[in-house]
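In what follows, a structure is listed as structure tokens, so that the remarks can point back to it.
Just so it is clear, the values below take in all heavy atoms, side chains as well, and ignore hydrogens, waters and symmetry mates.
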Amino acid sequence: MRTANIVVATILILFSAYYSYLTFALPDRNLPNTLGSSFMPWMLVSILFGLSLVLILTAVFKGTAETCDYRISMREGLGVVLLAAIIIVYIYSLNYLGFLLATPVFLAVLMVLTGGREWKQIVIASVLITVGIYLFFQKIFQIILPSGEIL
């Protein structure tokens, strides 16, 4: 696992370097008092580079005691397929329901699939997460989220 972590971290560091190179080529189409078109890509590349650096340093200096089982059970494989189907349905439902209606349902379904059984917590968490994401992107980054045909 140690070698795999070093290889993956190196690949991710190289990818983040390439991604930062592409970020320089972004056109500058800024509205007044906004962060600019290159702000989010720089945030993402910085986070990716930082986490990759932590992974490579941890693998080199600390090592790992975990082992890897490459076999995938039928249940795990079907879970991945079901997750992909749910994400596709969510993406298409954004056009009709909009972000504020589709996202709480999507999050609630994900919580139920991952073992959540407390309905009160599921409803509260999915609504609060949706409102938080909405306020974060709509108010801070001034990004217009899908409103859908219903809203």
**Item:** Gap separating the CG atom of Leu55 from the CD1 atom of Ile6, nearest 0.5 angstrom
**Value:** 9.0 Å

**Main-chain N/O of Glu118 paired to Gln121 side chain as donor or acceptor, under 3.5 Å** = no

**Item:** 4.5 Å side-chain heavy-atom contact, Val89 and Phe106
**Value:** no

**Fill in**
Correct closest heavy-atom pair for Ser126 and Pro104 would be CB-O, 3.5 Å

**Complete:** With sequence neighbours left out, the residues meeting ring pair (Phe, Tyr, Trp, His ring centres under 6.0 Å) with Phe24 are Trp42

**Request:** Please examine the side chains of Tyr19 and Leu48, heavy atoms only from C-beta on, and report whether any two atoms are closer than 4.5 Å.
**Result:** no

**Prompt:** Leu145, Leu135: one ILVMFWY side-chain cluster at the under-4.5 Å cut-off?
**Reply:** yes

**Request:** Starting from the C-alpha separation in whole Å, work towards a yes-or-no answer on side-chain contact (heavy atoms from CB on, under 4.5 Å) for Arg117 and Ile122.
**Result:** CA-CA 8 Å; Arg117 297 292 176 246; Ile122 291 172; over 6 Å; no

**Request:** Would you kindly confirm whether Ile11 and Val45 end up in one hydrophobic cluster when ILVMFWY residues are joined by side chain heavy atoms under 4.5 Å apart?
**Result:** no

**Prompt:** Atom CG of Leu107 and atom OG1 of Thr130: how far apart are they, to the nearest 0.5 Å?
**Reply:** 5.0 Å

**Prompt:** Which atom pair, heavy atoms only, marks the closest approach of Ala9 to Ser52?
**Reply:** CB-O, 3.5 Å

**Prompt:** Is the closest side-chain heavy-atom distance between Ile143 and Gln138 below 4.5 Å?
**Reply:** no

**Request:** Would you give the length of the straight line joining atom OG1 of Thr58 to atom CG of Asn5, rounded to the nearest 0.5 angstrom?
**Result:** 8.5 Å

**Message:** Do Ile91 and Leu100 land in one hydrophobic cluster if side-chain heavy atoms of ILVMFWY residues count as linked below 4.5 Å?
**Reply:** yes

**Asked** Honestly curious: do Leu128 and Val109 fall in one hydrophobic cluster under the side-chain, below-4.5 Å linking rule?
**Response** no

**Asked** So does Ile72 have more than 12 non-hydrogen atoms from other groups sitting under 6.0 Å from CD1?
**Response** no

**Prompt:** Between atom CG of Leu97 and atom OG of Ser147, what is the distance when rounded to the nearest 0.5 Å?
**Reply:** 11.5 Å

**Message:** If I compare all heavy atoms of Glu76 with all of Arg71, which pair ends up nearest, and what's the gap?
**Reply:** OE1-O, 4.2 Å

**Item:** Between Tyr90 and Thr103: side-chain donor-acceptor atoms closer than 3.5 Å
**Value:** yes

**Asked** Nearest heavy-atom pair of Met111 and Ile129: which atoms, and what distance?
**Response** CE-CD1, 4.3 Å

**Item:** Side chain proximity check, Phe99 to Ile133, heavy atoms < 4.5 angstrom
**Value:** yes

**Asked** With a 4.5 Å heavy-atom cut-off, do Ile56 and Leu12 have their side chains touching?
**Response** no

**Prompt:** For atom CG of Leu78, is the number of surrounding heavy atoms from other residues, nucleotides or ligands below 6.0 Å larger than 12?
**Reply:** yes

**Rounded distance [0.5 Å steps], CD1 in Ile47 versus CG in Leu51** = 7.5 Å

**Fill in**
Rounded to the nearest 0.5 angstrom, the CG-CZ distance for Leu44 and Phe49 is 15.0 Å

**Item:** Connected via hydrophobic side-chain network under 4.5 Å: Tyr134 and Val127
**Value:** yes

**Asked** Yes or no on side-chain contact (heavy atoms from CB on, under 4.5 Å) for Leu113 and Leu83, after CA distance, side-chain angles and deciding distance?
**Response** CA-CA 9 Å; Leu113 286 177; Leu83 178 63; 5.9 Å; no

